[in-house]
Student: 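My structure is below; once you've seen it, I'll send some questions.
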Protein chains: 2
Amino acid sequence: MPKKRSGNATIADVAREAGVGVMTASRVVNGGKYVSAETAARVRSAIAKLSYEPNEAARVLKGKSPRLIGLMVPNLADPFFSACAHGVQLMAATYGFRTLLFACEGNVDSEAEEIGMMKSRGVAGLLIVPSRVDSVDPLKELRERGIPIIMLDRTLPGLDAGEVMVENFEGAQKAVNHLVEHGHQRILCVGYDSQFNSIGQRVAGYERAMADAGLKAEVLVVDEKTSVARRVLQRLRSQPPVTALFTLNNVTTIQVLQTLQRENIQVPQEVAIIGFDDFELASLLAAPLTAVSQPAVALGRSGTQLLIDLIRSDAAEASKKSPRMLLPTELIIRRSCGCEPPPQRQD
Amino acid sequence: MPKKRSGNATIADVAREAGVGVMTASRVVNGGKYVSAETAARVRSAIAKLSYEPNEAARVLKGKSPRLIGLMVPNLADPFFSACAHGVQLMAATYGFRTLLFACEGNVDSEAEEIGMMKSRGVAGLLIVPSRVDSVDPLKELRERGIPIIMLDRTLPGLDAGEVMVENFEGAQKAVNHLVEHGHQRILCVGYDSQFNSIGQRVAGYERAMADAGLKAEVLVVDEKTSVARRVLQRLRSQPPVTALFTLNNVTTIQVLQTLQRENIQVPQEVAIIGFDDFELASLLAAPLTAVSQPAVALGRSGTQLLIDLIRSDAAEASKKSPRMLLPTELIIRRSCGCEPPPQRQD
DNA sequence: CCACGCATTGGTAATGATACCAATGCGGGC
DNA sequence: GCCCGCATTGGTATCATTACCAATGCGTGG
C-alpha cells in the first residue's frame, strides 16, 4: 500500500536523501546554527524533493510546545465575538500558529469541561472570553501547568492571567454624555448578565455620566432575556417617561429594537437609543444606530500578540507576568440618538 | 520542580500504582476486552488517584486518528459561515470531537497552505467551505492519505469527497417567482464571484424562473466588489428601469442596500429586492428584507455528522464513499419585495 | 496424559523528532 | 609541536503510547 507512505517522509528519509545524519537534517529544519551552508542547501533540496513536513505529534511528544493556541468564545453567532476570532486568526497566522476553537454556544457547563480537554490536547496557550465565572478553577489548573492564558473582553477575578479589555467606562460615559447633550432627563440603562466586569464598568460609566449631569441613574439589568421587553416598555410609559435608552451590549440592543419595532415606537422621535457595541448593519437599520464601537478585531489581535509573546518567553518568567492592555472605543454617531445625519446633504 | 510532573502521570505510572503491566493498563484505558474485572477495577482506581489523562500526542504518533476535525471557512465575519461553524461545533461536541478552525479571511492564498498544515497537524477529517478552486490539489493529497473530506455549501469539481449543499436552484426560483408575481418585468440578478457552483445554481434558478415567466434574464456578476454599486445604478436608471433586484448572497445584498440608501432610493417603492441568504437583523432594516433563508446551522451539523460517520467507518471503505446531501431553503417574506407586513394589524 | 484452546498478562519494538553527548577536523596561540 | 577552542556532524536515548508476540495458567476433549 503506497498510500500510507506517499508524502509522509520522515526526517530520517530526508537525511538519507541528503546523505547526512538525522540530527543535521533536524538542525536545518529548526534553523539550528551549526550547519554549513552547503549541507543546509542539500538538506533543503531533499526536503523539497520529498515534500517533507515535520510531524507535529512527534514534536509535541518530545516536549516542544505546539504551534497551536486555544480560543474559547461564548458564541460565534455574535458578530463581536466572531470579529475577535477573526483578529485572533489573523495574528496567529502571521506567527505560524493555528487555532483550536471552541464556542460553548450557550451551553455554559461545557466550558469547564472543554478547558480540561484543551490541556490534554496540548495547546501552547489559551485565549478566552469567559462564559462563566466558575471557569476560574479549571483555568487555574492550566496555569499551574505553565500554560499562559489571556482573557479577552472580560476578566475573571483571582486568576493569574493576562487580559485585554476595552475602555468600557469611558465608552459608556461618552455615550451617555451625548444623550445628556440632547437634553434627555430620564435615560435608562438596559442590559442582562451582570456577572462580568465589562458590563459592570459600562454601568459605572453610565452612572458617572448621569451623576455628573445631576440626573438620577436608572439601571435595568435582568437575568432572563425574556422579560427585558416588558420591563423596558413599562418605563417608557411611566411618568415622566424615559426618553432615551443606553443598551449595554449587542444582544440587548437588538432585543430592544425588536420590541420597539413591534410596538411601533419611533426611534429617535419617541425614544432615543445608543448601544454599546457597533455592528456592520447598524447604518442600514430603520433608525441608523448610534453606537459605541469596540475594536473587536484589534482585541483579538492584541490578545494573540500578548499570548505568543508569553509562549515564546521562558516558561519560568512567563508564569510571573500578567500583561494588561486597554483598547479605546469610539462613539459612532448616526441617527438613533436624535442627531441629524452627518453632513451629506443639508437643507 | 513539581510543576512539570503534577497531574501529568503516564500510563507507566498508572501501571506501577496498580501493580500491573503497562499493556494491561493500556487495555483498560482503551476498553480492551482481555482484562479481568478485578484488574480493571484496580487500574481504574489508579487512574483516578493519579488523575491520569492519556497523552494525545503519543497516541497520534502511534497512528491513532485524533478526535479532532478540521474546519475551514472563508470568513468568520459572515454570519452564514459563523452559523455553519456553530453547527459544526455543536455536532462535533456531542461526539466528543474538537474543532481546529481556520478562516482564511480574504487571504485566499493561505488556504492551500493551511490544508497542508491540517494534514501534518493530524486531523481525523476535514470540513471545508472552499475559498478557491485551486485548493482542489492539496485536498486531493489529503484524500490520498485517507483523510475524509466534506465540502459545505460549495463544491469543487473533480474531488472525491462528500458534500452538503442547499437547494440553491429551487431557492432562487422561489424568490424570483415571488418578484414576478408582484408584476416586475425587469428583474436584475446581482452578485460577484462566480467561481463556485452554489452561485451558478442560484443564477440558473433565476434564469429558469425568468424564462418560465417569459421574461428576459439580466445577470450582473462582477469580479471586483467595488463596481457593483455603479453598475446597479446604471440599470436602475436605464429605460425601462429595472424595478426589482435579486442579490446572490449576503455580501452583495448589504452592498446593494448601502448603495440604495446612499442614493436615497426607496425600497420597495422605487425598487424591490430579495436577497439570497437571510440574517438576523434583516427584519430591523429600514426596509425589512425578504430573503431566501438557508439552514446554515443544519448545514454544519449535517456535514459534521457525515464526516464523523466516515471517520468511524473503516478507512478502506470510506475512501469509496462520497455522501451527498441537499438541504431545503425557505423564502422569508418581509417588506423589501413589496409585500405588506404579515397579518399583525391591517387597516 | 498430552495437547490444545482460551483468557489473561507483560515485555519489547516501533512511531518521528530532538536533546545530549561524543567525535572529527581545523586554525591559532603558546 | 602541542593543545585548546570552535564549527560541524552524527549516534543514541528518550518522550507516551500501542501493536505484536510470547508466556502463563487453567480447563477440557481426545
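Just so it is clear, the model here is predicted, and its values are computed rather than measured. Every chain is numbered from 1, with letters handed out A, B, ... down the list of sequences.
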Student: Between Asn30(A) and dA17(C), is there a side-chain N or O to OP1/OP2 distance below 4.0 Å?
Tutor: no
Student: Of Ala25(B) and Ala58(B), whose nearest nucleotide on DNA chain C comes first from the 5' end?
Tutor: Ala25(B)
Student: With sequence neighbours excluded, tell me which residues meet side chain to side chain donor-acceptor pair (under 3.5 Å) with Ser131(B).
Tutor: Glu111(B)
Student: Given dA16(D), is OP1 or OP2 found less than 4.0 Å from the side-chain N or O atoms of Arg59(B)?
Tutor: no
Student: Got more than 12 heavy atoms from elsewhere within 6.0 Å of CZ, Arg301(B)?
Tutor: no
Student: Counting just side-chain N and O atoms, does Asn55(A) come under 4.0 Å of either OP1 or OP2 of dT15(C)?
Tutor: no
Student: What heavy-atom pair brings Phe81(A) and Val73(A) nearest, and what distance separates the two atoms?
Tutor: CB-CB, 4.3 Å
Student: Describe the nucleic acid contact of Val29(A) in one word from base, sugar-phosphate, nothing, applying a heavy-atom distance below 4.0 Å.
Tutor: nothing
Student: Going by heavy atoms closer than 4.0 Å, what residues in residues 33-45 of chain A are next to DNA chain D?
Tutor: Lys33(A), Tyr34(A), Val35(A), Ser36(A), Thr39(A)
Student: Measure from the side-chain N and O atoms of Ser45(B) to the backbone N and O of Arg42(B), and report whether any donor-acceptor pair falls under 3.5 Å.
Tutor: yes
Student: For dG10(D), take OP1 and OP2 only and decide whether either is under 4.0 Å from a side-chain N or O of Thr24(A).
Tutor: yes
Student: Hey, what do you get for CD1 (Ile69(A)) to CG (Leu310(A)), rounding to the nearest 0.5 Å?
Tutor: 11.5 Å
Student: At less than 4.0 Å, is any side-chain N or O atom of Ser26(B) found next to OP1 or OP2 of dT18(D)? Yes or no.
Tutor: yes
Student: Distances under 3.5 Å between protein N/O atoms and the N/O atoms of nucleotides 21-28 of chain D, please, pair by pair.
Tutor:
none

Student: Checking contacts here: which listed nucleotide (dT18(C), dT18(D), dG11(D)) is nearest the side-chain heavy atoms of Met23(A)?
Tutor: dG11(D)
Student: Drop me the distance from Met325(B)'s CE to Leu152(B)'s CG, to the nearest 0.5 angstrom.
Tutor: 11.0 Å
Student: Counting distance only, does the side-chain N/O of Thr10(B) pair as donor-acceptor with the main-chain N or O of Ala12(B) below 3.5 Å?
Tutor: yes
Student: Would you give the length of the straight line joining atom CZ of Arg59(A) to atom CG of Leu61(B), rounded to the nearest 0.5 angstrom?
Tutor: 13.0 Å
Student: Roughly how far, to the nearest 0.5 Å, is NZ of Lys140(A) from CG of Leu142(A)?
Tutor: 13.0 Å
Student: Does Lys62(B) place a side-chain N or O at less than 4.0 Å from the phosphate oxygens OP1/OP2 of dG16(C)?
Tutor: no
Student: Considering only dA16(D), dT17(D), dA17(C), which nucleotide approaches the side chain of Thr10(A) most closely?
Tutor: dA17(C)
